[in-house]
Structure formats: structure tokens, C-alpha cells
Amino acid sequence: MSSKKKQSFIGGAAVLASAVVIVKLIGAVYKIPLNNILGSVGKTYFDTAYLIYNFLNIFATAGLPLAISKLTSQAHAQGRENEKRKIFRTAIWLFFAIGLAGSMLMFFGAEQLAAFEENPMASQAIRALAPAVFCVCLLACMRGYTQGQGNMTPTAVSQVLEALCKVGIGLPLAWYLLGLIQGSEESGMANVAAGAIFGVTAGTILSVCFLVCYMLTHRNREHSTDRASSGGAIIGQVLAIGIPITLGNSALGIINLIDTKIVMGRLQGALLLSEESAALLNGQYRMAMDMPNMVASFVYPVTMSLIPFAAAALAQKDHARANRIISSAFRLIAVLAIPAGVGLSALSTPIMRLMLPKRQEDALAAGPHLQILGVALVFICLMILTNAILQTYGKEKLPIFTVVAGGVTKIVMNYILVGNPEINIHGAPISTLCCYLVIVGLNLFFVWKYSPEKPRYLQLFVKPVVASVLMGGGAWAAYGFAHRLLSGHSAYMANAAAVLAGILAGVIVYAILVIALRILRAEDLRDVPHGQKLAAMLHLR
């Protein structure tokens, strides 16, 4: 690879990483007011539709775009312009058919899909999201094609546009429909959820329009003499590359669908609750789950930046360097994930009260869920990292089996625990924690088994755990002191100020302990932007 190409690659990676950060921040801005608008009942309708949408999207966005990107990249490197054009023309019809089938299934089968999830009132939200499946399929094809040519900008811009529409269209529409609720609140919240989720559909439509315009105005009209492959051969290659990846990624989507069905079914069947009462309890759990999901989404850039270095070291048979890089990745994730999880657990109810100013009853009910899910966050982050490490070692299929093992654990435990009147919905976060605990336990074993130099897990995790527990105690003490000090003021503002005081105290305590216990090393920051300057400032060795 020439210097120019390498710079282009690094620049493209930076563009995508920046887009990921922006999209996640917009997502946080979207979800926090959304939960206040929807409440726990509307949240269940919204999430039911979104889980079905995500499952169908796996078939369009998991492996097939990667296959198109790979084939396009190969043709681009060889200067085969006719082959590139044929790949896109063939693939776009394949994605057109997949997207149309998915959208028709969601639109015309909305009632049946909602009934399968034991949540019939979610049918309106499912139908409102149906066109997005078709649009996302077209987006996946166009993004794969442009990325295959080393151009990451169209993907980044389209992702940001998609996220902005959720905020700019979904939230105002949901707020407007909330003001129109008359009669049954249950049917009214179903309309509000459908309005909120239509922002996702609008975002995908706008992104498709942007990419179509971009590709029409950036067409390569140069004449080429290469002979393109047949359409059948191209489809065969796309499916051969994409299907195994798609099947691997679909496991968790299937598990989540079944999981929601079991939770709603057990609440209504075993505990004899109405659909609205079951939706209320499930929605409170889903609100708590949003917090760990938002935090965990920021782990991906860490793995994306560190794991390629490990792959390069393994390719060069430099096992000692690969081990150092992987150990650094473990330490960085431990330093970030463990305190985040402990912090969420320690301040669970106050944080939910801060995030849900208009839904204080839901916040109080969601707090105990977040206390358990905060611990689950640690294992979610470790799952992301260990999956990436196993893929680096060439063991791509192992994460499929570990995810299935965790998913089966989750489904069985939900059936038993949620159906127990004494445990009720509190069984859902417990089963989620056990699910990721099983996955991470198996992943850590396989990482240890296939690592040329065995990682020392106790050395990697003991100090961050000790520092995080002390940090959690400091954060809780600071919150309690500040809350008592401000008890004469507005209840919400006193809680908000106390939460911020607790977080600030926790950050200070943890930063001191990280330096004092020498949890990080200078080599851990070597590949992080400005990491060497930070290591020197912290006197790391």
C-alpha cells in the first residue's frame, strides 16, 4: 500500500469513527426525551417494533454489504470499472427484492408479528417502521459499494442524516400525538409510539435520497475494456461471503425477539396481567436497558482502533507484541467499563430520576433494574472485546456458539423467573446479566485457550474492580451528602445536582486510584490519539 493510499485509509477510518460518535450522541439526545414522552407503555410498543425491524435488517446489513464492499474493493484495485458497475447493478436488484419482501412482511403482517410478541397494540408502530426495511436495504448496498472504493464520506453523512431525522421528526411528531390522546390511553400511546418510530423511517428515506443523488453526481464515466462477470456468478459470490456472517449476527436478534415474547407472555399468562399492565412493566425494564446500551456502544471504537494492531502482530508471528496489545485492550476496557457499570449500579435510581423528569413513577420502578443492568454493562463490554479478539485469532464461528449459549440461558431464566409472582419483571434484568455472564465466561476461556501467550486475567481485572468499588462508595456517599444538603429545594433539581456531585466525586476518586494503583501503563495509551502526551502527563511507565 502506498503512502497516499494508507493516508486515505486512515482518513476514511477517522471519518467513520467520527460519524459513529456523532450518531451515538444524537441517539442519546433522542432516547432521553423519547422515554419521557412515551412512558413505560409506549416504550414497550416502540421497542417491540424496533426489535422486529432490527432482526429483519440483519439480513440486509450484516454480511451482504461486506461482501459487496470486498468484491468492489478487489475490482477497484484491479481497475476493472465494468466489473464494479456490474457488481452494483446486480447487487442493487438483490437488495431491492430483500427489502421489498421485508417491508411487505412488516406492513401486511403487522398484526401477526405483534401478536407473536404477545403485544398486539404494537402493530401500528410495526407498520410505521415497515418502509424503513426497504430503504435500509438500498442504503446497505450503496454504502457497501462506496466503501469498497475507499470512500467513507457518503456512509458517514447518510448515518448522521438518519440520526438527525429521528430527533427532528420523530420527537416532534410523538409530542404532537401525545397532546391528541383522547379516550383509551393504551391506544393513544400506541399512536404516539408509531409517530416516534416514524422518525426512523423518515431518516432512512432521506438517507436514500442523499446517496442516490451522491452516486448520480459522482459516477465514473471512464471507458473500460474489462469483461464483467455474469450476474449469477456475482450473486453467488455475494451470498457465499455474506450468508455465514449474516447467520452469525442473526443469533442475538432471534434471541431478543424470543426474549421479548417470553417476558410479555409470562407476565400475561403466568401472572394474569392485562396487555397494558404487562407493557408497563416491560417498558420500565426496557427504559433501564437503554443506559447500558448507550454506554456499551462507545466500546466499539476502542476495539476498532486496537484489534487491527493485534492482527498485524499475529500476521508477523510477533506473539509477544500481540499479547501486549490484547492485554492493553483488556486494561482499557476494564478501566472504562467496570467503573461505568459500578457507577450506574450505585446511582441507579437517582440516574433514572434524572433521565425521566416527566415519568418519576417509571424512574423509581426502573431504578432497581438498572442496579442489576449496571453490572451487566461490564460483561456486555467484555463480550464486545472478546468477540473481536476471537475474530482476530481467526475463530469467527466461536462467538456464534457462545452467544447462542448465553441466549438460551436468558430465555430459560426469563421463563422461570418472570413467571414467578415473587420475582415478576425483576427476573428480566437478572436473566440479562446471566446471559452476558455466560457469554463472557466462555469467550474468556476460548481467548485463553487460543492465545499464544496466556492472558493473566487476575492481574488485568483485580485492580480495576477494587478501584471501581471504592469509586462507587465515594459516588454514593457524595450523592447522599449533597442530596441531604439540598433537601429543601425542588425535588428534581436537588436530585439532579446530587447526581452530578456524585459523578464528579466518583471521577476524582477513580482517577486518583488509577494513578495510585498503576492500573494503566504507558503502552496502553500508545495507540490512542495523543496517548503518549497523556501517559507523560500522568507519569505512566
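All values below were derived from every heavy atom in this structure, side-chain atoms included, with hydrogens, water molecules and symmetry-related copies excluded.
The two residues M352 and A366 make their nearest non-hydrogen contact at CE-CB, 3.8 Å. The minimum heavy-atom distance between L56 and G102, with the atom names listed, is CD1-O, 3.9 Å. Across every non-hydrogen atom of Y45 and A193, the tightest pair is CB-CB, 3.8 Å. Taking every heavy atom of both residues into account, I68 and A91 meet most closely at CD1-CB, 3.5 Å. Scanning both residues, A340 and V295, for their nearest heavy atoms gives CB-CG1, 4.1 Å. Here the closest heavy-atom approach between residue I384 and residue A296 is recorded as CD1-O, 3.8 Å.
The shortest distance between side-chain heavy atoms of E276 and M121 does not fall below 4.5 Å. Counting heavy atoms from C-beta outward, R127 and M106 have side chains that stay 4.5 Å or more apart. Between I425 and H369, the closest side-chain pair of non-hydrogen atoms falls below 4.5 Å. Residues L173 and L177 meet the side-chain proximity criterion, which asks for heavy atoms closer than 4.5 Å. The side-chain heavy atoms of V136 and Y53, taken from C-beta on, include a pair separated by under 4.5 Å. You'll find the side chain of E117 stays beyond 4.5 Å of the side chain of M264, heavy atoms only. Here the side chains of Y492 and R353 are not in contact, with every heavy-atom distance at 4.5 Å or above. In this structure, M142 and F95 have side chains that are not in contact, with every pair of non-hydrogen atoms separated by 4.5 Å or more.
The structure places OH of Y50 at 14.5 Å from CD1 of I126, a figure rounded to the nearest 0.5 Å. The line from CG of N36 to CH2 of W175 is 8.5 Å long, rounded to the nearest 0.5 Å. M289 contributes atom CE, which lies 8.5 Å from atom CG of L377 (distance to the nearest 0.5 angstrom). Here the OG1 atom belonging to T48 is positioned 11.0 Å from the CG atom belonging to L113, to the nearest 0.5 angstrom. One finds the CD1 atom of I503 at 7.5 Å from the CG atom of L354 (value rounded to the nearest 0.5 Å). For the atom pair CG of L71 and CD of E83, the computed distance is 8.0 Å after rounding to the nearest 0.5 Å.
Open room surrounds CD on E361; 12 or fewer heavy atoms of other groups in view lie less than 6.0 Å from it. In the displayed structure, M104 atom CE is contacted under 6.0 Å by at most 12 heavy atoms of other residues, nucleotides or ligands.
Ring-plane geometry between F210 and Y214 is classed as tilted, the angle between the planes lying from 30 to 60 degrees on a 0 to 90 degree scale.
Ion pairing of K261 with E118 is present here, as a side-chain N (NZ or NE/NH1/NH2) and a carboxylate O approach within less than 4.0 Å. In this structure, D47 pairs ionically with K43, as a charged nitrogen and a carboxylate oxygen lie closer than 4.0 Å.
Applying the side-chain hydrogen bond (donor to acceptor under 3.5 Å, both in side chains) rule to D362 yields the partners S40, Q284; only residues at least two apart in sequence or on another chain are considered. Residues satisfying the side-chain hydrogen bond (donor to acceptor under 3.5 Å, both in side chains) criterion with N495, sequence neighbours excluded, are Y479. In terms of the side-chain hydrogen bond (donor to acceptor under 3.5 Å, both in side chains) criterion, Y30 has no residue partners (sequence neighbours excluded).
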task = Before giving the answer on side-chain contact (heavy atoms from CB on, under 4.5 Å), spell out for F88 and C141 the whole-Å C-alpha distance, their side-chain angles and the decisive distance to 0.1 Å.
result = CA-CA 8 Å; F88 179 74; C141 183; 4.1 Å; yes
S274 and Q268: CA distance, side-chain angles, deciding distance, side-chain contact (heavy atoms from CB on, under 4.5 Å) verdict = CA-CA 6 Å; S274 67; Q268 294 174 71; over 6 Å; no
request  = Test L164 against I26 for side-chain contact (heavy atoms from CB on, under 4.5 Å), laying out the working first.
outcome  = CA-CA 7 Å; L164 286 172; I26 294 172; 3.7 Å; yes
Test side-chain contact (heavy atoms from CB on, under 4.5 Å) applied to I351 and L344, step by step = CA-CA 7 Å; I351 287 174; L344 286 179; 3.8 Å; yes
key: side chain to side chain donor-acceptor pair (under 3.5 Å) evaluation trace for S345 with S348   = CA-CA 5 Å; S345 292; S348 54; over 6 Å; no
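Looking at S207 and T204, their side chains never bring a donor and an acceptor atom within 3.5 Å of each other. For the residue pair T432 / Y285, a side-chain donor-acceptor distance below 3.5 Å is found, with atom types taken as modelled.
The main-chain N or O of F134 is found under 3.5 Å from a side-chain atom of S103 such that the two form a donor-acceptor pair. A donor-acceptor pair under 3.5 Å links the side-chain atoms of T201 to the main chain of A128, judged by distance alone.
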